[in-house]
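Counting from 1, the numbers follow the sequence of the chain as shown.
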Amino acid sequence: MANLISTSIYKTMTGITSSNQDTRIAVLCESVSELVKTYCNNTFVDFVTETPLIAISSVSEREKPTDSYTNLTNNADYYADSVTDTIFRVDSAGNEKRFKSGKGAVKVVYTAGYTSLPQDLELAVMDLITYYLKDERKQRQTIAGASLQNQTSTSQRDNVGFPDHIKRVLDLYKNY
């Protein structure tokens, strides 16, 4: 699976020019990418059965599992709403009606996902990498004899431990 951000993009965006932390940054890019994909329940760039809806190859339905599928025609038999990523069954007048019901009654072949990562999500991923790179997840650090007390990562209820500004963005892309 593809990382949400590469080491080179992270370094460019954060102004890091040396290569002494490349290995650590590469590991964090991979780990944070998987963490965000798991938290959001969305692979974003791996083009599996995700959102947003990009294209519908076919929509078909059948009465029972032993029947063959009958292909439906876009805008005549069904309508795809790109705003809500929802497919509606319609009649010839365009009125909404129900799809066939039962096991395997409806089959949809489609492509979904992001062709590129949304910029706000990319920024949240970079901030999360920095959060781990600088050990900001640790509440107390000692640097050159001085103590640094980090606040707890969140004030939001039911937060899994992401900083508030990162969690707010991730929640926009979370599939429940």
Side-chain angles (χ1 to χ4, degrees), residues 1-59 74 80-88 106-176:
M1 287 201 264
N3 288 341
L4 298 177
I5 192 167
S6 68
T7 301
S8 61
I9 289 174
Y10 177 80
K11 287 177 63 175
T12 299
M13 295 301 288
T14 56
I16 297 173
T17 55
S18 71
S19 59
N20 62 346
Q21 288 191 303
D22 281 3
T23 303
R24 186 166 183 223
I25 292 170
V27 169
L28 283 170
C29 284
E30 183 175 344
S31 299
V32 167
S33 291
E34 289 305 309
L35 176 65
V36 168
K37 289 176 183 183
T38 301
Y39 176 76
C40 292
N41 195 27
N42 194 334
T43 62
F44 298 106
V45 294
D46 295 328
F47 291 96
V48 199
T49 54
E50 306 291 343
T51 60
L53 185 63
I54 293 174
I56 297 174
S57 300
S58 67
V59 177
N74 188 16
D81 183 344
S82 61
V83 174
T84 60
D85 291 333
T86 306
I87 300 171
F88 297 98
V106 179
K107 179 172 75 170
V108 179
V109 178
Y110 65 99
T111 306
Y114 292 92
T115 54
S116 63
L117 199 63
Q119 290 182 330
D120 58 342
L121 184 58
E122 183 178 52
L123 182 60
V125 170
M126 284 192 295
D127 283 350
L128 196 53
I129 291 169
T130 300
Y131 176 73
Y132 286 108
L133 185 65
K134 293 186 175 185
D135 287 328
E136 292 174 356
R137 69 191 183 285
K138 296 178 181 176
Q139 283 193 319
R140 185 177 202 76
Q141 299 179 56
T142 304
I143 303 170
S147 277
L148 175 66
Q149 181 75 30
N150 289 325
Q151 291 183 341
T152 55
S153 61
T154 185
S155 61
Q156 296 177 346
R157 193 176 132 224
D158 297 328
N159 192 335
V160 295
F162 295 128
D164 290 348
H165 71 287
I166 295 172
K167 185 177 185 310
R168 277 191 293 274
V169 174
L170 296 181
D171 285 349
L172 294 172
Y173 295 94
K174 187 170 183 170
N175 289 330
Y176 292 92

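For the atom pair Thr14 OG1 and Ile25 CD1, the distance stands at 6.5 Å (nearest 0.5 Å). In this structure, the separation between OH on Tyr176 and CG on Asp171 is 4.5 Å, given to the nearest 0.5 Å. Atoms CE and CD1, from Met126 and Ile166 in turn, are 11.0 Å apart once rounded to the nearest 0.5 Å. With values rounded to the nearest 0.5 angstrom, Leu28 atom CG is found 10.0 Å from Ser33 atom OG. With rounding to the nearest 0.5 angstrom, the OG1 atom of Thr7 is 11.5 Å from the CD atom of Gln21. To the nearest 0.5 Å, the span separating CZ on Arg168 from CG on Asp120 amounts to 12.5 Å.
Using a 4.5 Å cut-off on side-chain heavy atoms (C-beta onward), Tyr110 and Val59 make no contact. Between Leu121 and Leu170, some side-chain heavy-atom pair lies under the 4.5 Å cut-off. Taking 4.5 Å as the limit, every side-chain heavy atom of Tyr10 sits out of range of all side-chain heavy atoms of Val125. The shortest side-chain heavy-atom distance between Ile9 and Glu122 falls under the 4.5 Å cut-off.
Annotation: cation-pi pair Lys37/Phe44 absent, no NZ/CZ under 6.0 Å from the ring centroid and within 45° of its normal.
Leu35 is linked by a side chain to side chain contact (heavy atoms under 4.5 Å, CB included) to Leu128, Tyr132, Phe162, counting only residues two or more places apart in sequence or in another chain. With sequence neighbours left out, Asn74 forms a side chain to side chain contact (heavy atoms under 4.5 Å, CB included) with Tyr78.
Remark: the backbone N or O of Asn41 is paired with a side-chain donor or acceptor of Asn175 at under 3.5 angstrom. Between the Ser19 side chain and the Asp22 main chain, no donor and acceptor come within less than 3.5 Å of each other. Without hydrogens or angle criteria, Asp85 side chain to Leu53 main chain gives a donor-acceptor distance under 3.5 Å.
Contact detail for Thr17 and Lys11: the closest heavy-atom pair is O-NZ, 4.4 Å. When all heavy atoms of Leu133 and Arg24 are compared, the closest pair comes out as O-NH1, 3.0 Å. Scanning all heavy atoms of the two residues, the minimum distance from Ser18 to Asn20 falls at OG-OD1, 2.8 Å.
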From CA spacing to verdict: side-chain contact (heavy atoms from CB on, under 4.5 Å), Tyr173, Val169:
CA-CA 7 Å; Tyr173 295 94; Val169 174; 4.3 Å; yes

